[in-house]
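Okay, so here's the structure we're looking at.
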Amino acid sequence: MTSLRVVATTLALNVALCAAHLVVGWLSGSQIVLAQAADSLFDIAVGVVLLVSVKVAAQPSDANHPFGHQRAEPIGALVTAVLAAVLAVEVARSAVAALLADAAPRVDTAVIGVLAAKFASKLVLLVVLMRRRAAASQAVDATRIDTWNDVLTTGSSLLGIVLVTTGWPRADALLALPIAASIGRNGWGLARQSLRFLMGEAPPAEVSDELLARAAAIPGVVSVPRLRAHYVGSTLHVQVNLLIAAGSSAAQSHDIEIDVLRALESDPRVGEAFVHIDTGEGKDGT
């Protein structure tokens, strides 16, 4: 299953779940169900952004975008983060209003069924996505994290409904508050990651070390004095300085350069690599 298909399938599931939760929440007055509807609405927004960004980011470079369209994804994610903040505030406001009014939801088979359906479908989706970990793209990673959060929050919602049926009606509104916090936290995480990508932040040290090791492992490379990497959109641009043996021919230098480029750009995190070669002869002639 391709990344595009994963995102499209998840989006279709979230649309169905959102519609079901809105209907059941409106009929029952359950704050938990309405909060889950808002959470699914956020999931839809994330899915739309990922779907568009995957398609845009896959477009080849052109005259106006010589390094590709990778910045489409973090820009879209930043917009989604703003929406998450609005949704989180609205869910929290509605839950607090229900607490102040001491409103009791009507718990019936539809309420339990719609929450159980979301929990089961998200759990199955999570298992599928976990099996794709080795070949995952950034879009699949984002979908996996969001699905894991959905499993946790829906489980919390089911607990709240159980407490309502045992004689604690205020649990419905109280447990809607953690869902609001979860939506806000997810949005904040998206915003932080998007800003990292848009600002051209360097990757974690362990990623740079892995890339340096790839370059150093190429036959003919004596050492790698310098490697710099930064995000351009959601992919990395890497600049590396190589030291090769003194007296290497132009053909040998060219072959080493090509091998290093291929090694670096075979990493799915790397979009472009730039190689500068120095011979073993330093300024002092050694």
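Source: prediction; values computed, not measured.
- The side-chain heavy atoms of E210 and R269, taken from C-beta on, include a pair separated by under 4.5 Å.
- Linking ILVMFWY residues whenever their side-chain heavy atoms come closer than 4.5 Å, directly or via other members, leaves V15 and L22 in distinct clusters.
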Evaluate the criterion side-chain contact (heavy atoms from CB on, under 4.5 Å) for residue pair H237 and V270; output intermediate values, then yes/no. CA-CA 6 Å; H237 280 198; V270 177; over 6 Å; no
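- Side-chain contact check for K118 and N14: no donor-acceptor pair (N or O, by modelled atom type) lies under 3.5 Å.
- Side chains of L242 and D278 form no contact here, defined as non-hydrogen atoms less than 4.5 Å apart.
- Put simply, the side chain of V207 reaches to within 4.5 Å of the side chain of L236, judged on heavy atoms.
- The two residues S253 and I244 make their nearest non-hydrogen contact at OG-CD1, 3.3 Å.
- Looking only at side-chain heavy atoms (C-beta outward), L227 and N241 stay at 4.5 Å or farther from each other.
- For the residue pair S208 and R228, no side-chain donor N or O sits within less than 3.5 Å of a side-chain acceptor on the partner.
- If you chain together hydrophobic residues whose side chains sit under 4.5 Å apart, L34 and L100 never meet in one group.
- Annotation: side chain of F274 is not in contact with side chain of V238 (no heavy-atom distance under 4.5 Å).
- Between D43 and K122, the closest side-chain pair of non-hydrogen atoms falls below 4.5 Å.
- When all heavy atoms of V114 and A20 are compared, the closest pair comes out as CG2-CB, 3.7 Å.
- Side-chain contact between E265 and E272: present, with at least one pair of heavy atoms (C-beta onward) separated by less than 4.5 Å.
- R214 places a side-chain heavy atom less than 4.5 Å from the side chain of S266.
- Closest of all the heavy-atom pairs between L115 and I161 is CD1-CG1, 3.4 Å.
- Taken together through direct or relayed side-chain contacts under 4.5 Å among Ile, Leu, Val, Met, Phe, Trp and Tyr, M130 and V151 form part of one hydrophobic cluster.
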